[in-house]
Every structure is written in C-alpha cells, then in structure tokens.
Peer 1: 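Following this message is one structure expressed as structure tokens.
This chain uses plain numbering: 1 for the first residue, then up along the sequence. Remember, predicted model here, so these are calculated numbers, not experimental data.
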Amino acid sequence: QVELVESGGGLVQAGGSLRLSCALSGRTFSSVAMGWFRQAPGKEREFVATISWDGGTTYYADFVKGRFTISRDNAKNTVYLQMNSLKPEDTAVYYCAARGGQFASANKNRYDYWGQGTQVTVSS
C-alpha cells in the first residue's frame, strides 16, 4: 500500500520560511515523479512545484518562482519543499503527490497518490 506522509507545516510570519517534507512508502521512490500542490479555502487545488524521478527536472508555478525550491533525497524516500519569503497568500493546505511516470508534471490529474496535507498559515 502506497502512503505519503507530509510534515513541516505550521504558522509563520510573513517573510519567514518553512520546509515541508513528504515521505513515501510502499513504492520504489526513484520510480516516481513528485509534486507539491496547495488548496486554500474556497479555491481549487493548484500546482506549486514538481520534480522528476532523478531530480534533474523541476517546474514551478509562477507565483513561487524564486521563493520555493523542490528537492528530493532518493536514499530517504523523501521530497522537500523549501519555502522562503512567505506571504499571507501562501496560506493553504499543502499536499504532496506521486505519479507512476518518472517525468515531472504540473497536472494534478496525472498523479496517482496523495498525502493527507499539511497546513501552512502565514500571518501578516
């Protein structure tokens, strides 16, 4: 059974930083691409960042470019999202996801497995 467990969310002031982690079990980590998405109250789940199976390819949503960094450690079966210069509009539940193809994708419909989400709240 595939499971994704996120951690690292919390409350931070605007301009601060957080690092989210997501650990995968039940599937060979190096065989999957990973993504981070977020969902704010009353809004659709939206793409944040994605990384290919080997970390060689990454894509970001325009609104996080230069502030967020996605990375992965295949030895630890873990993907990370380093979030810097946080803004109140970054407040959302953040989800990690895994897809069976090895290629990074910004399309949430191409992901097979999802974590339970972790809350990020940025105060002004």
Side-chain angles (χ1 to χ4, degrees):
Q1 182 177 350
V2 178
E3 187 176 21
L4 292 166
V5 179
E6 300 106 332
S7 61
L11 173 64
V12 65
Q13 288 187 332
S17 298
L18 284 174
R19 188 176 82 153
L20 305 183
S21 301
C22 173
L24 172 74
S25 61
R27 176 91 187 230
T28 301
F29 190 65
S30 59
S31 71
V32 298
M34 300 294 295
W36 285 98
F37 296 80
R38 70 185 188 185
Q39 188 167 17
K43 294 188 176 181
E44 295 282 325
R45 190 170 300 189
E46 63 181 356
F47 165 71
V48 175
T50 181
I51 188 167
S52 60
W53 69 278
D54 62 350
T57 300
T58 57
Y59 300 120
Y60 296 92
D62 286 343
F63 54 78
V64 302
K65 283 182 181 177
R67 300 190 298 125
F68 291 10
T69 302
I70 189 171
S71 61
R72 64 188 293 159
D73 185 338
N74 285 358
K76 295 182 178 180
N77 293 353
T78 300
V79 64
Y80 304 96
L81 185 68
Q82 177 67 44
M83 306 186 294
N84 299 327
S85 301
L86 283 161
K87 305 175 181 180
E89 51 264 44
D90 293 319
T91 295
V93 177
Y94 284 71
Y95 298 89
C96 73
R99 62 184 302 263
Q102 295 179 324
F103 301 107
S105 175
N107 186 340
K108 61 180 180 289
N109 296 317
R110 294 186 175 179
Y111 284 81
D112 304 297
Y113 311 105
W114 291 84
Q116 81 288 351
T118 185
Q119 177 71 46
V120 172
T121 303
V122 185
S123 64
S124 57

Peer 1: Examine Tyr111 and Ile70 and state if one hydrophobic cluster contains both, with Ile, Leu, Val, Met, Phe, Trp and Tyr joined whenever side-chain heavy atoms are less than 4.5 Å apart.
Peer 2: no
Peer 1: If you compare all heavy atoms of Ala104 against all heavy atoms of Thr57, which two are closest, and at what distance to 0.1 Å?
Peer 2: CB-O, 4.2 Å
Peer 1: How far apart are the closest heavy atoms of Ala92 and Ala40, and which atoms are they?
Peer 2: CB-N, 3.9 Å
Peer 1: Tell me who clusters with Leu11, hydrophobic residues only, linked when side chains sit under 4.5 Å apart either directly or through other members.
Peer 2: none
Peer 1: Quick one: does Thr50's side chain have a donor or acceptor within less than 3.5 Å of a partner on Ser105's backbone?
Peer 2: yes
Peer 1: Flag the pair Asp62 and Lys65 as a salt bridge only when some basic side-chain nitrogen lies within less than 4.0 angstrom of an acidic carboxylate oxygen.
Peer 2: yes
Peer 1: Starting at OG1 of Thr118, measure out to CD of Gln116 and round the result to the nearest 0.5 Å.
Peer 2: 7.0 Å
Peer 1: Without swapping roles, check the side chain of Glu6 against the backbone of Cys96 for a donor-acceptor pair under 3.5 Å.
Peer 2: yes
Peer 1: Would you say Ser52's side chain and Gln102's backbone share a donor-acceptor pair under 3.5 angstrom?
Peer 2: no
Peer 1: What is the distance from atom OG1 of Thr78 to atom CG of Leu24, rounded to the nearest 0.5 Å?
Peer 2: 8.5 Å
Peer 1: Heavy-atom distance under 4.5 Å between the side chains of Arg67 and Asp90, does that happen here?
Peer 2: yes
Peer 1: Asn74 side chain to Ser30 main-chain N or O, any donor-acceptor pair under 3.5 Å?
Peer 2: no
Peer 1: Rounded to the nearest 0.5 Å, how far does CZ of Arg38 lie from CZ of Arg45?
Peer 2: 13.0 Å
Peer 1: May I ask you to test the Leu86-Gln13 pair for a side-chain heavy-atom distance under 4.5 Å?
Peer 2: no
Peer 1: To check you understand the geometry: which heavy-atom pair defines the closest contact between Met83 and Leu20, and what is its length?
Peer 2: CE-CG, 3.8 Å
Peer 1: Given the rule that I, L, V, M, F, W and Y join up when any side-chain heavy atoms are under 4.5 Å apart, are Val93 and Tyr80 in one cluster?
Peer 2: no
Peer 1: Are Leu81 and Val5 grouped together when hydrophobic residues (ILVMFWY) are joined by side-chain heavy atoms under 4.5 angstrom apart?
Peer 2: no
Peer 1: For Arg99, what residues pass the salt bridge (charged side-chain N to carboxylate O under 4.0 Å, His left out) criterion, not counting sequence neighbours?
Peer 2: none
Peer 1: Report yes if the side chains of Tyr95 and Leu4 come closer than 4.5 Å at any heavy-atom pair, otherwise no.
Peer 2: no
Peer 1: How long is the gap from CD on Gln39 to NZ on Lys108, to the nearest 0.5 Å?
Peer 2: 8.5 Å
Peer 1: Grouping I, L, V, M, F, W and Y whenever their side-chain heavy atoms are under 4.5 Å apart, do Tyr94 and Ile51 come out in a common cluster?
Peer 2: yes
Peer 1: With clusters defined by side-chain heavy atoms of hydrophobic residues (ILVMFWY) lying less than 4.5 Å apart, directly or transitively, does Tyr113 cluster with Met34?
Peer 2: yes
Peer 1: Taking the six-membered ring of Phe29 as reference, does the NZ or CZ atom of Arg72 fall below 6.0 Å from its centre and within a 45° cone about the axis?
Peer 2: yes
Peer 1: Could you tell me which non-hydrogen atom of Ser124 sits nearest to which non-hydrogen atom of Ala14, and how far apart they are?
Peer 2: CA-CB, 4.4 Å
Peer 1: Restricting to pairs with a member in residues 41-71, which pass ring-ring contact (aromatic ring centres under 6.0 Å, His included), not counting sequence neighbours?
Peer 2: Phe37-Phe47
